[in-house]
Amino acid sequence: MTMTMKKTIHSKNDLVIKFANVNGTGSASANNLFAKALFRMGLSVSPKNIFPSNIQGLPTWYEVRVNDKGYLGRRGGIDIAVCVNPQSMAKDIKEVSPGGYVVYDNTKPLDLRLMRSDVEFIGLPLTQICLDEYQDPRQRQLFKNVIYVGALAALINIDFEVLTSLIGEQFKGKEKLIAPNVHALDLGYQYAKNHFTCPLRITVERRDNRGDKILIDGNTAIGLGAVFGGATMAGWYPITPSTSVIEAFEKYCKRLRVDAGSGKKNYAIVQAEDELAAIGMVIGASWNGARAFTATSGPGISLMSEFLGLAYFAEIPTVLVDVQRTGPSTGMPTRTQQSDVIACAYASHGDTKHVLVFPATPKECFDMTAQAFDLAEQLQTPVIMLTDLDLGMNDTMSEPLEWDEARAYERGKVYSAEQLEAMSEKFGRYIDSDGDGIPYRTYPGTHPTKGAFFTRGTSRDEYAIYTEDGAEYVRNMKRLLKKWETAKSYVPAPVIDNSGKGSDIGVLHYGTSMAATLEAIDYLAQEGIAVDSCRIRAFPFCKAVEEFIEQHSTVFIVEQNRDAQMRSLLVNECEINPKRIVPILNFDGMPVTAKFIQQAINSRLDINKVTPIRKNTTSNKAEQ
Amino acid sequence: MTMTMKKTIHSKNDLVIKFANVNGTGSASANNLFAKALFRMGLSVSPKNIFPSNIQGLPTWYEVRVNDKGYLGRRGGIDIAVCVNPQSMAKDIKEVSPGGYVVYDNTKPLDLRLMRSDVEFIGLPLTQICLDEYQDPRQRQLFKNVIYVGALAALINIDFEVLTSLIGEQFKGKEKLIAPNVHALDLGYQYAKNHFTCPLRITVERRDNRGDKILIDGNTAIGLGAVFGGATMAGWYPITPSTSVIEAFEKYCKRLRVDAGSGKKNYAIVQAEDELAAIGMVIGASWNGARAFTATSGPGISLMSEFLGLAYFAEIPTVLVDVQRTGPSTGMPTRTQQSDVIACAYASHGDTKHVLVFPATPKECFDMTAQAFDLAEQLQTPVIMLTDLDLGMNDTMSEPLEWDEARAYERGKVYSAEQLEAMSEKFGRYIDSDGDGIPYRTYPGTHPTKGAFFTRGTSRDEYAIYTEDGAEYVRNMKRLLKKWETAKSYVPAPVIDNSGKGSDIGVLHYGTSMAATLEAIDYLAQEGIAVDSCRIRAFPFCKAVEEFIEQHSTVFIVEQNRDAQMRSLLVNECEINPKRIVPILNFDGMPVTAKFIQQAINSRLDINKVTPIRKNTTSNKAEQ
Amino acid sequence: MSYIKPSFRHPELPVNELGFTQQQYEGSLSTLCAGCGHDSISGAITKAIFELSIAPHNIAKLSGIGCSSKTPTYFLGSSHGFNSVHGRMPSVTTGANAANREMVYIGVSGDGDTASIGMGQFAHAVRRNLNMMYIVMNNGCYGLTKGQDSATSDIGSKSKKGEPNPFEPIDLASVALQLGATFVARSFSGDKAQLVPLIKAAIAHQGFAFIDVISPCVTFNNNPGSTKGYEFVREHLAATGTVDYVPMKQEIKTEYAPGSSTEVTLHDGSVVHLHKTDDKLDVSSRRSALALMQEYKAEGKILTGLLHMEQNSRDLHETIGSSNKALRSLSENELCPGTAILGSINDSFR
Amino acid sequence: MSYIKPSFRHPELPVNELGFTQQQYEGSLSTLCAGCGHDSISGAITKAIFELSIAPHNIAKLSGIGCSSKTPTYFLGSSHGFNSVHGRMPSVTTGANAANREMVYIGVSGDGDTASIGMGQFAHAVRRNLNMMYIVMNNGCYGLTKGQDSATSDIGSKSKKGEPNPFEPIDLASVALQLGATFVARSFSGDKAQLVPLIKAAIAHQGFAFIDVISPCVTFNNNPGSTKGYEFVREHLAATGTVDYVPMKQEIKTEYAPGSSTEVTLHDGSVVHLHKTDDKLDVSSRRSALALMQEYKAEGKILTGLLHMEQNSRDLHETIGSSNKALRSLSENELCPGTAILGSINDSFR
Ligand SMILES: Cc1ncc(C[n+]2csc(CCOP(=O)(O)OP(=O)(O)O)c2C)c(N)n1
Ligand SMILES: Cc1ncc(C[n+]2csc(CCOP(=O)(O)OP(=O)(O)O)c2C)c(N)n1
Ligand code: SF4
Ligand code: SF4
Ligand SMILES: [Mg+2]
Ligand SMILES: [Mg+2]
């Protein structure tokens with residue numbers, strides 16, 4: 001077959017490999033092992049899980065990208081497909097780029113109709129090997145996965161020692177499992193060595209691209225952020241892809257937050273009966289002085305709207321993590337998207353606006369979670385962190401998590417018993433004494449006779465007394481707008497990355513659109529097109545975001561939704577002419593790719609006949 | 001006292017009278033009688049109820065405006081205060097315009113501190129008269145109200161015969177109640193005649209401003225619209241100010257929709273356990289082919305968000321009436337506002353948009369309700385009618401309701417059993433056969449073997465089969481956008497009112513902001529400033545709205561919310577530079593006044609040094 | 001507006017063990033209808049807490065939305081209160097309680113607030129055995145939205161509009177028992193002699209203490225053909241089409257001995273038959289309580305008093321093993337694992 | 001994916017009274033885990049409807065969200081189906097039913113979908129005596145979200161993560177009985193002999209027919225220390241930290257005679273004790289059913305079979321007196337009062 005191939009892919013440390021499995025067959029741990037090994041080899045690796053909304057028996061994929069530039073977004077195109085699932089085999093084989101490889105189980109001969117002349121087929125008799133080696137059908141199933149990892153080690157040149165040492169670490173305490181696993185790896189390794197010219201044209205080799213980085217999923221980082229940020233209460237309801245936020249929080253709390261003396265937990269986690277109850281619990285706990293939070297996804301946001309309006313109006317700190325998935329209603333629950341932006345920004349009837357933060361990396365998930373508690377308590381309002389399935393559930397290379405020992409929790413304006421005791425005037429819960437729109441609160445039970453007030457979702461005066469007076473209502477709502485202004489100086493500032501060339505072209509992006517956007521900017525630079533970028537990290541928008549837009553005559557925004565929701569917020573809140581911001585929208589549920597962004601920008605520049613600032617190079621394209 | 005008055009108000013058919021009562025004391029029916037009498041005299045009258053969120057014992061007000069121009073908005077300023085409530089007396093007296101009157105119960109002498117020298121006090125010994133006339137304390141309470149109406153008849157010159165004939169009609173079938181009521185009226189009338197120079201300087205006089213108009217509240221008109229529009233199912237949950245929508249629907253259904261033969265109801269109304277269930281029932285019934293609807297207010301909208309997303313995505317006709325009240329959370333439940341615009345337009349997580357209609361008069365409430373069922377079934381999507389407490393719960397003068405016998409319900413694209421039988425190809429629920437984005441549906445139970453499909457909130461292909469394929473998802477979401485485009489030609493067009501002077505100034509408004517806006521435009525015209533207006537009646541916006549904005553260099557929008565929510569929709573959906581639209585915002589819970597709008601426009605023109613087109617008059621102000 | 005504050009106070013008011021007067025446990029003026037049963041319950045709560053000598057600031061009072069849910073403003077003015085959203089008081093209280101188990105939690109709700117929109121949250125607060133007193137001020141209707149039937153409304157009972165309710169009622173006390181509530185009682189708003197001790201017992205109980213209090217709505221139980229002499233006024237209102245007259249009424253009071261029955265005539269002339277439990281009921285047995293309630297119901301009587309109580313009740317905190325301290329009082333040291341541990345966590349992801 | 005369709009079909013399949021084969025009552029291929037109890041229930045529904053000879057298009061099948069709620073795709077492929085949102089199937093069914101009483105309504109839900117998020121809607125569908133069959137496929141956990149405990153999970157039972165559930169379970173059948181359900185039954189997914197007739201009876205019942213079906217989750221009941229020989233695999237998975245291996249399992253079947261008990265070993269090795277009711281139970285008495293269920297529970301047994309049924313049950317339509325016809329079939333003439341009447345309505349507002 002290879003003879004007829006017109007084109008071949010030759011690469012070192014630049015590949016996309018896709019594993020096609022059946023869910024529930026134990027492939028996930030083998031695939032993780034594969035990605036981790038590359039990471040350990042010092043490579044920049046980004047694995048993406050593409051799984052069905054079901055438990056067992058349906059196609060599931062695991063896509064791993066490796067490159068030396070450190071690009072973590074999806075690249076597009078597949079160099080090697082590992083086809084272990086007969087159900088999806090036809091489609092999987094079709095997807096491989098010309099010149100690439102198909103690794104498959106050749107225990108049974110391949111259906112000839114699936115053959116392609118422009119890719120190379122590598123047959124591994126996985127089922128046969130397992131039949132020969134194992135008695136227990138479950139072991140046969142399980143080790144099949146480990147065997148193909150072993151084979152790949154030979155095929156693309158993964159250090160076998162790295163694999164074996166990972167096995168060693170993984171089975172620490174269960175040492176008897178080490179040998180069988182290493183044996184399975186070896187079975188695959190030997191088979192490949194003996195039957196193919198190893199390595200193939202696509203290989204990996206050790207690098208030092210990893211530095212001190214870690215490989216962690218965003219949801220775990222959020223859970224850790226909540227532990228370090230001092231969260232003590234979580235009310236939650238299971239929903240993909242947010243469930244693992246609370247699972248991580250619980251796991252680390254159990255490890256780190258149980259009082260050694262009493263055995264009592266320094267936290268309370270309650271699985272609620274639904275999302276309405278989950279956010280209600282968070283509001284109740286926050287009102288009572290605990291740092292409380294919940295995590296959910298789209299449907300939960302819709303259900304929490306009424307309570308979010310209460311928290312806004314009654315000014316109760318509320319931290320909420322929305323791990324976004326695809327679509328309205330149930331949509332595609334195991335796909336990614338950034339489509340709850342408007343729903344979160346304006347959640348609830350009446351005039352409301354909520355503070356949003358948008359992490360783009362696991363480290364930011366950690367940092368912003370801890371910060372969200374500060375923000376919520378400082379501003380006495382809901383703070384919603386918007387992340388997504390892509391960041392939340394995929395292992396992502398990240399700077400290590402950091403904690404500054406000198407940092408103290410910012411608990412906001414709360415009168416202590418002493419302060420209340422010393423007060424001569426009457427305490428007024430909603431008095432704007434500092435002129436920043438933020439009033440002082442008291443925790444229930446603080447002082448025997450002073451500082452008690454009545455919290456309500458109905459209109460009230462500065463002393464929290466019920467009123468239907470229009471002027472009081474207006475004064476209060478205007479104060480909330482003042483607080484909104486104040487918030488702009490509290491929230492995370494945007495990250496602005498200027499090409500340094502005084503470019504006229506700017507790209508806005510946020511959250512998980514970052515990796516692909518920055519990669520696209522690199523490509524554009526190679527074409528000689530200089531592009532500046534601004535990563536929005538919070539709503540309300542800092543002045544710097546507006547300035548960035550002003551400073552660029554052509555502005556794009558990259559979003560992973562249909563309706564350009566962040567753009568809506570920008571034009572609406574910053575009084576920006578919508579025509580000034582060109583949306584680049586990807587909403588098929590898969591993470592956006594650099595190519596998609598690059599093409600969108602290019603075609604728009606062509607249409608508008610924009611002459612971008614070009615580098616003094618003539619033919620960077622040829623260099624590639 | 002009158003001697004010291006520097007200024008007096010002299011007017012005929014131009015007055016604002018405000019009754020200050022205690023709720024639960026039976027004043028509402030007496031006050032209604034008062035307003036109705038003026039209406040019967042052929043006057044243009046607009047009464048507003050200002051009531052507390054409570055059942056008994058708190059201050060409640062009833063404000064009636066009369067004028068010969070037909071202005072129905074609030075005017076501002078009070079000419080006559082009828083102070084029957086000691087609790088609010090101080091405030092009520094303060095509010096009266098200099099030169100006006102205070103009518104009060106002088107059975108007990110007035111607190112001297114409440115005296116003002118610039119208004120005239122008219123004392124009526126209401127309590128004393130009742131003590132003398134009635135034994136039963138409840139009759140004393142009740143007739144007190146009728147007595148002051150009688151007195152006012154003398155004081156401002158209401159035709160006594162109109163009052164007596166209204167009493168006659170009201171107590172038809174309960175004739176024994178007529179005499180006591182007429183007697184009570186007469187007691188007041190005679191007292192006033194005997195003790196004051198009647199009429200006062202402020203009077204009314206017969207006109208023919210009424211034509212064939214009716215005096216009806218918007219909620220009743222909606223209930224009737226649902227009856228005539230063929231609604232057969234309502235699922236609902238009580239909430240002020242929407243409850244009377246369903247009450248009216250039920251009342252007229254009982255009267256007009258019970259099958260004479262079987263005694264069975266040709267409708268089903270279910271009081272749900274909450275708003276989630278209410279909208280769920282509507283969706284279930286619509287799915288099953290009934291015209292179904294619900295009515296709610298802000299908190300209900302928040303709770304219905306998830307279901308609205310389902311109805312959008314699964315394409316189920318859903319009619320929802322939102323009678324807006326004030327504020328986020330519980331806010332001020334008995335005050336008016338237009339602040340659910342964004343919450344309704346984008347209800348639910350994910351990419352969603354909903355069709356909205358905005359009636360401004362009872363007649364439009366009726367028409368648009370009937371039309372909403374057509375729209376929802378034609379477009380297979382939720383249609384939300386946004387009205388408010390002001391229109392919904394106040395008697396409002398309106399053109400009579402009309403029904404064209406030739407009109408047939410537009411039930412949209414539904415395949416019948418015959419059509420299915422004749423089909424050779426497989427039925428595909430989500431195929432866009434007509435290219436307008438609207439697919440064909442079938443009702444459950446239509447055909448024994450053809451046309452069944454599975455409705456779901458999860459992603460599916462054109463045959464309604466579950467899929468997680470990104471391309472299918474995108475195709476479907478784009479079709480929904482096409483449907484959105486189609487909707488623009490189905491929804492009610494804006495009402496554009498050009499001054500005919502080629503003005504550069506345009507005012508956008510919607511719903512209950514209409515009356516005050518049009519009145520303000522009249523005043524501005526009197527100042528020589530020509531202003532065009534455009535009343536938005538639906539979302540998505542018709543082309544004509546965009547054109548109106550384009551054609552005017554200075555554009556205002558009048559809204560009754562804090563955040564200029566309709567303006568957000570305009571800039572976002574029509575790609576309009578926000579700077580082009582200047583918001584005029586009233587959000588204190590009271591209906592906006594013409595004066596407020598006039599001043600806002602004037603001051604803005606001054607700031608911008610706009611030279612508006614002026615009429616060829618020099619001093620119209622002097623004319624006033 | 002009913003004035004539940006006494007207009008005259010003795011200069012030397014009696015004080016409780018903590019030195020507080022009963023006045024210090026009162027709230028602001030009630031804005032409910034004169035004679036509303038809910039006000040009597042507020043009074044009973046005030047009295048019970050005064051007599052229990054709990055410092056007011058150690059109490060948190062939470063509610064949903066409705067006339068009943070307004071009452072926390074009208075008692076315990078020196079306690080923090082939270083008037084949340086309709087039907088969701090249980091979850092807010094769960095969070096508040098989870099955050100600080102040192103306080104006493106009083107949840108107030110209505111039959112609409114609990115048996116309709118709040119049914120799910122109610123059931124789950126029961127299931128978690130949340131340590132709180134949960135009072136439903138049960139008037140069989142939606143007071144604040146003007147008299148619609150609620151889910152506890154008796155079949156056939158007429159609303160203000162004169163329509164008989166066609167649905168079977170939900171009996172919240174039975175449902176609570178069935179769901180495993182560890183303290184269930186029923187009482188009548190006008191029976192302070194019974195209600196005050198029940199409230200005290202409920203507060204003392206370590207777990208979910210439910211009291212279903214029948215509390216007549218004077219306004220929306222004014223059905224046609226009831227109170228004599230009122231006919232003229234009613235017809236008058238019916239004819240004018242505006243339901244806007246609420247006559248001032250007296251609170252309905254009753255006192256009767258344990259083990260005996262009494263009949264209470266409501267404002268609308270209808271009669272409820274109450275029977276007070278006595279020592280013969282084995283309150284430790286859930287099954288016997290359920291059976292007895294059903295028996296009385298079959299006779300058209302409502303059993304009042306303490307119906308069930310579990311001695312060894314484990315509340316949510318015991319179940320999940322959470323800290324004895326208020327979570328907000330945990331120091332940053334206790335909460336934040338610090339840099340070194342974060343370092344080793346980082347290592348685990350390399 | 002389990003293949004519930006038989007792979008081989010006899011050329012001349014038996015037909016029912018309407019001339020349909022059983023195949024015509026099947027749905028598309030199930031995507032549930034092999035051996036999932038839910039698939040057995042789908043099979044029982046298919047069989048019951050086939051045998052009842054109901055035309056498939058006269059049935060509407062509705063569900064919430066969960067593995068269980070997916071099943072309507074896997075049976076009755078020629079019926080309209082509606083997979084709504086989590087916990088809200090009852091309200092959607094209420095609307096559908098209100099709109100057309102001529103059809104048969106099958107509601108499918110899970111224990112998470114009903115006992116947690118859907119508790120309120122469930123209670124009110126019961127209260128309205130909605131004419132439907134309501135099946136809970138009860139596995140004591142949240143299958144689709146990977147094994148969290150549900151509110152019906154037994155106290156002490158261990159989830160996949162190995163944590164014992166600390167809360168008392170909600171017994172949906174008892175709660176339904178307490179709330180006044182007019183038909184209540186319990187069964188086991190693997191007991192077709194019992195389940196099929198129960199489904200038939202439920203469909204025939206004019207009112208709310210509730211069947212709580214214990215339906216083992218093969219995947220998330222795989223607790224440590226259970227099935228022999230599996231240990232190696234489990235430890236392997238535990239060590240890799242990824243719960244991603246689901247062994248193919250057989251459906252658990254059981255058959256036992258009325259009046260007798262049986263023990264069923266679940267996939268995790270735990271055992272449930274079932275007892276089948278017999279003629280001795282007076283199904284017309286709600287109280288006796290409740291009492292008997294409690295008795296068996298005290299013995300650690302679960303009573304299965306028809307527990308209660310009311311003969312003269314009045315469904316929602318009877319209660320509210322709505323039309324016998326499908327509302328959509330009412331003509332514009334029947335619905336729209338017309339111009340003349342509108343004229344007189346206008347007059348009433350002048
Ligand atoms: C989400 C929501 N829906 C509806 C309402 C309107 N509402 C206010 S109080 C109430 C019912 C109150 O009934 P109940 O709890 O029995 O209290 P009561 O007034 O009878 O004491 C309703 C439906 C609301 N405030 N919020
Ligand atoms: C509003 C909402 N919250 C959460 C979810 C996530 N979710 C999907 S299924 C499910 C639980 C299903 O449990 P159960 O009803 O017992 O069904 P099973 O899978 O066990 O059959 C949850 C919480 C959702 N889809 N929607
Ligand atoms: S309406 Fe009824 S429940 Fe509400 S305050 Fe009045 S009497 Fe009490
Ligand atoms: S996870 Fe459990 S409930 Fe879901 S399909 Fe698998 S076995 Fe069935
Ligand atoms: Mg009530
Ligand atoms: Mg389950």
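Each chain gets a letter, A, B and so on, in the order its sequence line appears, and its residues count up from 1.
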Asker: Under 3.5 Å, is there a donor-acceptor pair linking the side chains of His80(D) and Thr446(B)?
Answerer: no
Asker: Can you tell which part of Ile59(D) gets under 4.5 Å to a heavy atom of chain B, answering side chain, backbone, both or neither?
Answerer: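 Ile59(D) has no heavy atom closer than 4.5 Å to chain B.
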Asker: Give a yes or no on whether a salt bridge exists between Glu273(B) and Arg128(D), defined as a side-chain N under 4.0 angstrom from a carboxylate O.
Answerer: yes
Asker: If you count heavy-atom pairs under 4.5 Å with chain B, which of Ala55(D), Gly338(D), Ser78(D), Ala60(D) comes out on top?
Answerer: Gly338(D)
Asker: In terms of heavy-atom proximity below 4.5 Å to chain B, should Pro90(D) be classed as side chain, backbone, both, or neither?
Answerer: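 Interface part for Pro90(D): neither.
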Asker: Please flag which part of Ala98(D) lies under 4.5 Å from any non-hydrogen atom of chain B: side chain, backbone, both or neither.
Answerer: both
Asker: Would you mind checking which part of Lys36(B) comes under 4.5 Å of any heavy atom in chain D, side chain (CB onward), backbone (N, CA, C, O), both or neither?
Answerer: side chain
Asker: Sort Leu316(D) into side chain, backbone, both or neither according to what part of it lies under 4.5 angstrom from a heavy atom of chain B.
Answerer: side chain
Asker: Which of the residues Thr442(B), Leu401(B), Thr220(B) is involved in the greatest number of heavy-atom pairs with chain D at under 4.5 angstrom?
Answerer: Leu401(B)
Asker: If you count every heavy atom of other residues, nucleotides or ligands that lies below 6.0 Å from Asp404(B) atom CG, does the total exceed 12?
Answerer: yes
Asker: Measure distances from Leu330(D) to the heavy atoms of chain B and classify the residue's part below 4.5 Å as side chain, backbone, both or neither.
Answerer: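 Only the side chain of Leu330(D) comes within 4.5 Å of chain B.
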Asker: What part of Tyr267(B) gets closer than 4.5 Å to chain D, counting heavy atoms only: side chain, backbone, both or neither?
Answerer: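 For Tyr267(B), backbone heavy atoms alone lie under 4.5 Å from chain D.
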Asker: Would you mind checking which part of Ile345(D) comes under 4.5 Å of any heavy atom in chain B, side chain (CB onward), backbone (N, CA, C, O), both or neither?
Answerer: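 Looking at Ile345(D), just its side chain touches chain B.
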Asker: Side chain, backbone, both or neither: which part of Arg127(D) has a heavy atom under 4.5 Å from chain B?
Answerer: neither
Asker: Among the options Met397(B), Arg411(B), Arg291(B), Lys264(B), pick out the one with the most heavy-atom pairs lying under 4.5 Å from chain D.
Answerer: Lys264(B)
